[in-house]
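The block underneath contains the structure these notes are about, expressed in structure tokens.
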2 protein chains.
Amino acid sequence: MPKYMEIYQEVRRRIVSGIYAPDKKLPEGSKLALEFACSELTVAKALDLLVREGLVLRKRGLGSFVKRLASAASNSHLLGTAERCAWSGKTLETRVQCFTAVPASEDIARKLLMPTGELVYEINRVRVIDGIPSIIEYTWMPIALIPQLNLGHVRQSIYRYITGELGFTVHSAHMNISGVQASEQEIEWLALSGPTVLVQVDQTAFLDNGKLFEYSCARHLWHTFNFETDFVRV
Amino acid sequence: MPKYMEIYQEVRRRIVSGIYAPDKKLPEGSKLALEFACSELTVAKALDLLVREGLVLRKRGLGSFVKRLASAASNSHLLGTAERCAWSGKTLETRVQCFTAVPASEDIARKLLMPTGELVYEINRVRVIDGIPSIIEYTWMPIALIPQLNLGHVRQSIYRYITGELGFTVHSAHMNISGVQASEQEIEWLALSGPTVLVQVDQTAFLDNGKLFEYSCARHLWHTFNFETDFVRV
DNA sequence: AAGTGGTCTAGACCACACT
DNA sequence: GTGTGGTCTAGACCACTTG
């Protein structure tokens, strides 16, 4: 692990544990460089991570300050539903409605930046969180990129298979949040009493090898949906 | 403007203009350093911005590659509604329903990290976009931080007043997206035909001096709401 | 004037992917 | 082995804030 990452984690630990309190000044770059036996630039690189996370503010001529205590798990948006549930202590049950391999339609091929007609997994799942059917996930992934996916993985966590057994890392995701009217099928799957609106999270995701490996469309119950994030000017 | 920012903008321009095409390799760090007459570290800093924006992928041992052409305006989430409309060529009309100064309630004070009872602006506005009442915005800001705000500013753009006339910069924002049921009042203001769900964007925003200057709650029509963003592992 | 962060350099060494 | 990006250093200079 790079040194700047260790410094980042240690300073972050001190912030969340209250050693560095909100609105208080952090030690100067030179002090931290001395403590961690590194150059000031390495310290700056570590603190920049905290700035981007929304925890720290650096003011030229003044010093570095703790902005606030809590922070959204800043990379939680690159996790799958199963990991997010585990992380927040929620129970998850998955109902697989569809798990097949089909030639990519023109629409799906365009989303996945791949040739039309190549095989993709088509997966539809209902996610039951804390006993409530909360999310319907439609997922498409090129078979060529994710070999040997089976029903067991789909029932549990596809992300866990990809990051664990295949050894990949999810590098990035592009997402789009909007509102949609629930279809008849979705009303049934979510056991809704009638027509309603769902919150749709449309997403394409990339592996660290640069391949676009997933297009997914997740439709959430509006009253359990929550999406938290930070934006920091760079 | 720092050199790495110029390099960032120039390389970005070349990507969006197609000079560097998707999936193609960018010139190596050493080549770019030579072209821009700077050190490789400065080039790396520039390319890191593009990586974080989701436009570029750097692979150790291989090179840097263009990931995709288009990108969400990556900092558009730090703009106000008026700027976003202007940027995307939409017309905006604003109906100010409330513009007063009141002592901060316990709830608002907690959101704004300020003492209860200090004066805050309380502003309710309906935003009519392309002729459709689309957003209801409830905004609270400490008077002490944003002096001399008047009805003209509120009718146009508060952000424009803050960044233009006051000379501040919006440094960061923390936001939370969820679904809510529209109130009677909101049904009337948005001219809805009946009860429906709205998409709520809850936000606290910071100035570059580190002050929390705004808590706002924007409720959007679900069928016009759209929120686009990228997440990149750091 | 003194202290702080921001930028930049030149060079070193390492990790990784290809040949 | 060669070439690529990733990390790190020591030091320089600048911009900004406060005294």
Side-chain angles (χ1 to χ4, degrees), chain A residues 1-11 20 23-53 55-67 167-169 171-172 206-211 232-234, chain B residues 1-11 20 23-53 55-67 167-169 171-172 206-211 232-234:
Chain A
M1 172 171 309
K3 199 180 287 188
Y4 74 86
M5 190 59 73
E6 286 177 21
I7 299 172
Y8 157 75
Q9 288 179 350
E10 172 59 19
V11 174
Y20 300 149
D23 282 323
K24 293 300 178 196
K25 198 155 103 56
L26 265 62
E28 305 81 39
S30 54
K31 295 265 172 48
L32 289 171
L34 210 61
E35 178 190 343
F36 291 103
C38 68
S39 77
E40 295 194 35
L41 198 144
T42 302
V43 168
K45 201 166 178 179
L47 293 187
D48 270 351
L49 291 179
L50 292 163
V51 169
R52 267 150 56 189
E53 200 173 337
L55 279 172
V56 163
L57 181 81
R58 311 195 75 192
K59 290 195 257 191
R60 176 181 289 203
L62 285 171
S64 302
F65 301 82
V66 179
K67 220 168 83 175
F168 291 126
T169 301
H171 172 267
S172 59
F206 292 81
L207 296 175
D208 52 352
N209 62 14
K211 306 287 190 185
V232 176
R233 190 173 301 269
V234 200
Chain B
M1 175 173 308
K3 199 179 287 188
Y4 73 86
M5 189 59 74
E6 286 178 20
I7 299 173
Y8 157 76
Q9 287 179 351
E10 173 58 19
V11 174
Y20 299 149
D23 281 323
K24 292 300 177 196
K25 198 154 105 55
L26 264 63
E28 305 81 38
S30 53
K31 295 264 173 50
L32 289 171
L34 210 60
E35 178 190 344
F36 292 103
C38 68
S39 77
E40 295 194 35
L41 198 144
T42 302
V43 169
K45 202 166 177 179
L47 294 186
D48 270 351
L49 291 178
L50 292 163
V51 169
R52 266 149 57 189
E53 198 174 339
L55 279 173
V56 162
L57 180 82
R58 310 195 76 192
K59 289 195 257 191
R60 175 179 292 205
L62 286 172
S64 302
F65 301 82
V66 179
K67 220 168 84 176
F168 290 126
T169 301
H171 172 267
S172 59
F206 292 80
L207 296 175
D208 53 352
N209 62 14
K211 305 288 189 185
V232 177
R233 190 173 301 269
V234 201

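Keep in mind that what you see is a predicted model, and the values were worked out from it rather than measured.
In this entry the distance linking CG of L57(A) with P of dG5(C) reads 12 Å, nearest Å. R58(B) has its CZ atom 16 Å from the P atom of dC16(C), to the nearest Å. Computed from coordinates, the M1(A) CE to dC8(D) C1' distance equals 17 Å when rounded to whole Å. L26(A) has its CG atom 9 Å from the P atom of dG5(C), to the nearest Å. One can place CG of L32(A) at 13 Å from P of dT9(D), the figure rounded to the nearest angstrom. The interatomic distance linking K25(A) (NZ) with dG3(C) (C1') rounds to 9 Å, in whole Å. Rounded to whole angstrom, the span from the CG atom of D208(B) across to the P atom of dG5(C) amounts to 17 Å. As a whole-Å value, the separation of K59(A) NZ from dT4(C) C1' is 13 Å.
Here dT4(C) is the nucleotide among dG6(C), dT4(C), dG6(D) with the atom lying nearest to any side-chain atom of E28(A). Comparing dT9(C), dT7(C), dC8(D) against the side chain of K3(B) picks out dT9(C) as the nearest. Listed candidates were dT17(D), dC16(C), dC8(D). Nearest to the side chain of R60(B) is dC16(C).
Contact annotation: K31(A) does not reach the phosphate of dT4(C) (side-chain N/O to OP1 or OP2, under 4.0 Å). A close approach under 4.0 Å does occur between a side-chain nitrogen or oxygen of S64(B) and OP1 or OP2 of dG5(D). Side-chain N/O atoms of Y4(A) include one lying less than 4.0 angstrom from OP1 or OP2 on dT7(D). The phosphate of dT7(C) (OP1 or OP2) has a side-chain N or O of K45(B) nearer than 4.0 angstrom.
In this structure, A46(B) reaches neither bases nor backbone, as no heavy-atom distance under 4.0 Å exists between it and the strands shown. Residue A37(B) is classed as a sugar-phosphate contact, given heavy-atom separations below 4.0 Å to backbone atoms only. Residue contacts for L47(A): at a heavy-atom cut-off of 4.0 Å it reaches no nucleic acid atom on any strand shown.
Comparing T42(A) and G61(A) by the nucleotide of DNA chain D that holds the closest heavy atom to each, the one mapping nearer the 5' end is T42(A).
At a threshold of 4.5 Å between non-hydrogen side-chain atoms, the residues L49(B) and Y4(B) count as touching. In this structure the side chain of H171(B) reaches within 4.5 angstrom of the side chain of V232(A), judged on heavy atoms.
When each of R233(A), E53(A), K67(A) is tested with S172(B) by the rule side-chain hydrogen bond (donor to acceptor under 3.5 Å, both in side chains), just one qualifies, namely K67(A).
Nucleotide dC13(D) is matched to dG6(C) when pairs are restricted to Watson-Crick or G-U wobble geometry with both distances under 3.5 angstrom.
Environment of CG in D23(A): sparse, with no more than 12 heavy atoms of neighbouring residues, nucleotides or ligands closer than 6.0 Å. More than 12 heavy atoms of other residues, nucleotides or ligands shown are found within 6.0 angstrom of CG on N209(B).
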